[in-house]
Protein chains: 2
Amino acid sequence: MILTEKHKELIERIGVFHEHKGMQPLVGRIIGLLLVHEEGEVSFDEIVENLGVSKSAVSNALTFLQAKGRCVYSTRPGDRKRYFAMKVSDWREDFEKELENIAEIQKFIDEVLEVRTNKNPEFNCRMRDFSDFLGFFKKEIPALFDRFKKQQV
Amino acid sequence: MILTEKHKELIERIGVFHEHKGMQPLVGRIIGLLLVHEEGEVSFDEIVENLGVSKSAVSNALTFLQAKGRCVYSTRPGDRKRYFAMKVSDWREDFEKELENIAEIQKFIDEVLEVRTNKNPEFNCRMRDFSDFLGFFKKEIPALFDRFKKQQV
DNA sequence: TTATTGGTTCTGTATTTGCAGAACTAACTG
DNA sequence: CAGTTAGTTCTGCAAATACAGAACCAATAA
C-alpha cells in the first residue's frame with residue numbers, strides 16, 4: 001500500500017497524540033500506521049520503509065506494543081514475514097483498564113487522608129468527597145457498558 | 001511541620017505515580033508534599049528543605065503546576081512568603097477534563113475511518129463500534145456527575 | 001543608603017532517551 | 001554445505017531532560 005500525504009499527516013498527528021500520553025515517538029507513529037493501513041496488517045519492513053527508521057528501532061517498538069497487549073502479529077503459510085496489527089478487537093477491555101487506571105488515584109487519596117491530621121478540615125473534606133466520587137465512578141463503569149449495549153440495537 | 005518516614009514514603013509513591021503520567025519527577029514530589037502536609041499550605045523554602053532540591057528547580061516546578069491550574073499560592077499580611085496549595089477544590093472539573101481528553105481519541109478514529117478503504121470491513125466495523133462507544137461515553141459524563149450528587153444525600 | 005529576604009532567570013552539566021548501525025541469530029533455500 | 005531472509009540484540013551517540021549553582025531582581029528592613 002502506498003501512503004498519500006493525507007495518510008502521512010494523519011499518522012503524524014496520531015503519533016504526537018500518543019507521545020503526549022507518554023509513549024516514545026516511534027511507538028505512536030507505528031500505532032498510526034497500523035490504524036491507517038488498508039489491510040490493517042503491516043509487515044515489518046513496510047513499517048521500516050514507510051516510517052523511514054531503522055530495523056532495531058522498529059523491533060524494539062513492536063516488542064513494547066506487544067508487551068502492552070496493544071498489537072499482535074500473524075504469519076501466513078509459506079511466508080516467513082510477520083504481519084502486525086492493532087488489537088482494536090478488545091477496545092472495550094482496554095478502555096475499561098484505562099478508566100480504572102485513572103481511578104487509581106483514589107488509592108493515594110485514601111492513604112493521604114489516613115495520614116493527615118484535622119488541622120485543615122475543609123481540605124480533608126474535599127479530598128474525601130473526591131475519593132467518594134472515584135469509588136462511585138469505578139462502580140458505575142460496568143453499568144455504563146451495559147447501557148451502551150442496550151441503546152446500540 | 002516535620003515529616004515522618006511514612007509521610008516521605010507516601011510522597012515518594014505519589015511522585016512516581018505522577019512521573020508515570022508524564023510529569024517531571026520533582027513536580028510529582030511537590031504534589032505529594034502539598035497533599036500530605038497538614039495545613040495543605042506549604043512555603044517555598046519548606047518545599048526546598050523537605051525535598052532537598054534547589055530553589056531554581058522548585059521555582060520552575062511551581063510555575064508549571066500553576067500554569068496547569070493544579071496549584072495556587074496565597075500570601076499572609078506582613079509575610080512576604082508564598083504559601084502553595086493544591087487546588088483540590090475543583091477536582092470535579094479536572095476529572096471531567098481528563099475524561100474528555102481520553103475520549104479525544106474518537107476524533108482520530110473518525111479521521112482514520114474516513115481515510116480507510118473497505119478492504120478490511122471487520123477492522124472498520126470494530127473501529128466504528130469503538131467510536132460509537134466513545135461518543136456515547138462523552139454524552140454520559142454529565143449524567144454520571146448528576147447521579148453521584150443524588151446518591152450522595 | 002546598604003543589607004536581607006524571597007524568589008526568578010540564566011548557564012552549565014550529569015543523566016536519560018530514542019534511535020542508527022553493525023553484529024548477530026535462527027530459519028529457510030539452493 | 002554456503003547463502004539469503006527476517007528479525008533481534010548490542011554498542012554508541014546526538015539530543016532532550018531535569019536539575020544545581022550562581023547571578024540576578026524586587027520588596028522590605030535597618
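Naming: A, B, ... by sequence-line order, numbering from 1 per chain.
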request  = Go through DNA chain C in 5' to 3' direction and return only the first and the last nucleotide with some atom under 4.0 Å of chain A's heavy atoms.
outcome  = C/dG18 to C/dC28
key: Residue pairs fulfilling side chain to side chain donor-acceptor pair (under 3.5 Å) with at least one residue in residues 64-74 of chain A, sequence neighbours excluded   = A/Glu41-A/Ser74
query = Contacts to DNA chain C from residues 37-49 of chain B, heavy-atom cutoff under 4.0 Å, which residues?
reply = B/Phe44, B/Asp45
inquiry  = Could you work out, with side chain to side chain contact (heavy atoms under 4.5 Å, CB included) as the rule, every residue matching A/Arg128, not counting sequence neighbours?
reply    = A/Leu113, A/Asp132
task = Can you pull out how bent the helix from C/dT1-D/dA30 to C/dG30-D/dC1 is, comparing the axes over its first five and last five pairs, to 10°?
result = 10°
Output a table of donor-acceptor pairs, distance under 3.5 Å, between side-chain atoms of residues 143-153 of chain A and any protein atom two or more places apart or on a different chain; print 'none' if there are none.
unit_1: A/Arg147; atom_1: NH1; unit_2: B/Glu140; atom_2: OE1; d: 2.4
unit_1: A/Gln151; atom_1: NE2; unit_2: A/Phe148; atom_2: O; d: 3.4
unit_1: A/Gln152; atom_1: NE2; unit_2: B/Asp129; atom_2: OD1; d: 2.5

task = For residues 44-61 of chain B, pull every pair meeting salt bridge (Lys or Arg N to Asp or Glu O under 4.0 Å), keeping only residues two or more places apart or in separate chains.
result = B/Asp45-B/Lys81
request  = List in numerical order all residues of residues 11-24 of chain B for which some heavy atom is under 4.0 Å away from an atom belonging to DNA chain C.
outcome  = none
query = Does the pair B/Lys138/B/Glu100 count as a salt bridge with the N-to-O cut at 4.0 Å?
reply = no
Below 3.5 Å, can you tabulate the donor-acceptor pairs from side chains in residues 82-97 of chain B to any protein atom, sequence neighbours excluded?
unit_1: B/Tyr83; atom_1: OH; unit_2: B/Asp79; atom_2: OD2; d: 2.8

ask   = Under 4.0 angstrom, heavy atoms only, what part of the nucleic acid is B/Lys55 near: base, sugar-phosphate, or nothing?
value = base
key: Start and end of the DNA chain D segment that chain B contacts, any atom under 4.0 Å from a heavy atom   = D/dA18 to D/dT28
Hey, can you pull the donor-acceptor pairs under 3.5 Å for the side chains in residues 114-122 of chain A, sequence neighbours left out?
unit_1: A/Arg116; atom_1: NE; unit_2: A/Asn124; atom_2: OD1; d: 2.6
unit_1: A/Arg116; atom_1: NH1; unit_2: B/Leu35; atom_2: O; d: 2.6
unit_1: A/Arg116; atom_1: NH1; unit_2: B/His37; atom_2: O; d: 2.6
unit_1: A/Arg116; atom_1: NH2; unit_2: A/Asn124; atom_2: OD1; d: 3.4
unit_1: A/Arg116; atom_1: NH2; unit_2: B/Glu38; atom_2: O; d: 2.7
unit_1: A/Thr117; atom_1: OG1; unit_2: A/Lys119; atom_2: N; d: 3.4
unit_1: A/Lys119; atom_1: NZ; unit_2: B/Glu38; atom_2: OE1; d: 3.4
unit_1: A/Asn120; atom_1: OD1; unit_2: A/Phe123; atom_2: N; d: 3.2
unit_1: A/Asn120; atom_1: ND2; unit_2: B/Glu39; atom_2: O; d: 2.6
unit_1: A/Glu122; atom_1: OE2; unit_2: A/Arg126; atom_2: NH1; d: 3.2
unit_1: A/Glu122; atom_1: OE2; unit_2: A/Arg126; atom_2: NH2; d: 2.6

message = Please list, in numerical order, the residues of residues 56-78 of chain B that have a heavy atom closer than 4.0 Å to any atom of DNA chain C.
response = B/Ser56, B/Ser59
